[in-house]
Amino acid sequence: MILHIDMDAFFASIEQAINPRLKGKPLIVGSRESRLHTVVCAASYEAKAMGIDSGMPSAEAFKICPNLEFVSADQSKYIWASEQIFELLKGYGFEAANASIDEFQMDIKDTPGPASLAQEIQKEIHQTFKITASIGIAKNSLLAKLASKINKPNGIAVLTPENLEQILAKVPAKKLRGVGPKTSLLLASLGIETCLDLYKKSPSFLEQFLGKHGLNMYAELHSTEHFDASKDDSETKSVGHSYTLPRASENTGFIRAWLRLLSEMVGARLRQQNLAARTIHLWLNGPEIPGFGAQRTLQEPTNDSYEICLHAQRIMAKTGQKMPKIRAMGVTCSTLSKVNYLPLFNEQKRREGLLKTMDKINAKLGDWSIYPAVIHLARQKS
Amino acid sequence: MPADTNEELNEKIQVIATFSGGKIYPRMFTWNNQAYKITEITYNWQERKGSETINYFSVSTGPDLYQISFNSSSLGWHIDKIIQ
């Protein structure tokens with residue numbers, strides 16, 4: 001059996017635990033300090049009840065609820081709490097894995113009384129961190145995750161062979177991990193509305209209409225395999241960062257500063273993992289270029305932030321406009337390989353030495369202790 | 001509308017704390033020559049900044065809530081902000 005722990009409104013709950021004044025109030029956590037020019041990272045259950053949720057522009061959230069409480073996100077708190085919760089879960093002696101910053105799974109095998117175990121975990125999390133978690137228990141990871149959403153917040157749901165079909169019949173298929181808007185429409189056209197409809201389809205039917213994705217879905221739904229937390233499926237496929245600007249901008253210096261900052265973040269992460277990339281992808285969003293995306297493939301892999309930025313700028317030139325208004329942008333590097341080459345030329349050696357020195361300074365003194373002057377504009381508070 | 005952000009302070013303070021079982025419990029702090037008794041530690045967390053570890057505490061003095069921090073390398077305490 002798999003036990004899936006899903007923290008309830010994680011970031012917002014931590015902020016409510018820190019500040020008792022916020023308890024029981026509609027609250028949003030914004031990605032930056034400017035309350036009206038940010039995006040909702042997390043919403044408390046009181047805010048969710050009003051229709052406010054993650055991804056919504058904060059200005060829209062304030063229109064729905066003018067008395068909304070606001071806190072700007074502080075990742076360090078959430079990362080620390082996530083790591084501590086994971087440590088607590090490992091203490092139960094089962095194989096454990098973190099599915100995301102606020103979701104964890106444990107393979108509890110055939111432990112008797114799984115609901116009592118879930119209650120014990122909920123109690124310990126609440127006592128230690130003053131926040132709640134919802135827990136789903138089922139025969140596999142996919143169904144356990146689904147079950148964790150059924151009795152939110154602070155609930156427990158156990159999917160047994162006896163109640164499985166009854167519960168799946170009540171859950172829309174689009175709630176299942178891996179069923180996006182496109183797949184959901186396709187499933188609806190096939191008469192598949194609920195998770196039970198999907199569960200009862202044969203693998204050949206799902207393969208016929210959904211291809212390999214359909215087969216994988218069948219396997220995930222029906223699997224009774226215990227997960228192997230030690231299995232290394234964590235091989236990095238891509239490294240990317242994106243950012244939504246406070247407002248659409250066509251200021252060349254500001255946009256280039258952000259492009260360089262994102263490239264620096266991507267480059268630093270590649271170098272930390274001793275990886276280099278051959279493909280650089282730039283994504284831009286703005287009123288004149290909605291959802292623009294293009295990429296370049298390099299002859300030689302790189303993890304040099306400056307080089308990544310230069311290629312991103314060349315991709316930007318493909319928009320065909322001098323400097324379009326930009327609201328959001330993202331830089332992603334893929335086709336990754338381990339760095340196993342030595343620089344040949346003096347200029348390459350000099351660049352590599354510079355990057356290594358900067359990385360060392362930032363590792364010792366903290367991120368962004370040293371950075372290229374060009375990105376200063378982006379690092380100023382918006 | 002409530003205040004836009006919490007009031008940032010970033011000032012050094014003196015703290016009386018108990019170190020017990022590998023944990024730190026700040027009990028009282030002095031800021032601007034005034035002593036504040038901590039009635040509750042509402043939360044605490046850590047952050048690594050380069051080679052330094054910073055321990056953060058949100059502490060209530062009854063009427064007010066503050067964020068204070070302890071740098072375990074420099075052994076210094078700071079008052080970071082007043083939490084609104």
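Per chain, numbering begins at 1; letters A, B, ... match sequence-line order. These numbers come from the heavy atoms of this one structure, side chains and all, not from hydrogens, waters or symmetry mates.
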Short question: side chain of A/Asn19, backbone of B/Gln84 - any donor-acceptor pair under 3.5 Å?
-> yes

OH of A/Tyr92: more than 12 outside heavy atoms within 6.0 angstrom?
-> yes

Rounded to the nearest 0.5 Å, what separation is found between the CZ atom of A/Arg21 and the OG1 atom of B/Thr42?
-> 12.5 Å

Is it the case that more than 12 heavy atoms not belonging to B/Gln14 sit under 6.0 Å from its CD atom?
-> no

Run the side-chain donor-acceptor check on residues 24-37 of chain B: report pairs under 3.5 Å with partners two or more places apart or on a different chain.
residue	atom	partner	partner atom	Å
B/Arg27	NE	B/Thr18	OG1	3.0
B/Trp31	NE1	B/Glu11	OE1	2.8

Chain A shares the most heavy-atom pairs under 4.5 Å, among B/Gln67, B/Glu52, B/Lys49, with B/Lys49

Interface residue of largest heavy-atom contact number with chain A, from B/Gln46, B/Glu40, B/Arg48, B/Glu47, under 4.5 Å | B/Gln46

Using a heavy-atom cutoff of under 4.5 Å, enumerate the residues of residues 363-373 of chain A that contact chain B, numbered in order, or state 'none'.
-> A/Ala363, A/Lys364, A/Leu365, A/Gly366

Would you mind reporting whether A/Tyr78 and B/Trp45 have side-chain heavy atoms less than 4.5 Å apart?
-> no

State the CZ-CG distance between A/Phe129 and B/Asn44, to the nearest 0.5 angstrom.
-> 9.5 Å

Examine whether an atom of B/Ile41 lies under 4.5 Å from a heavy atom of chain A, and if so say whether it belongs to the side chain, the backbone or both; otherwise answer neither.
-> backbone

Minimal non-hydrogen separation, A/Ile18 against B/Leu65, with atom names = O-CD2, 3.5 Å

If you measure from CD on A/Gln16 to OH on B/Tyr43, what distance do you get to the nearest 0.5 Å?
-> 11.5 Å

Which one, A/Lys77, A/Lys130, A/Gln75, leads in non-hydrogen pairs under 4.5 Å with chain B?
-> A/Lys77

Determine whether more than 12 heavy atoms belonging to other residues, nucleotides or ligands lie under 6.0 Å from atom NZ of A/Lys23.
-> yes

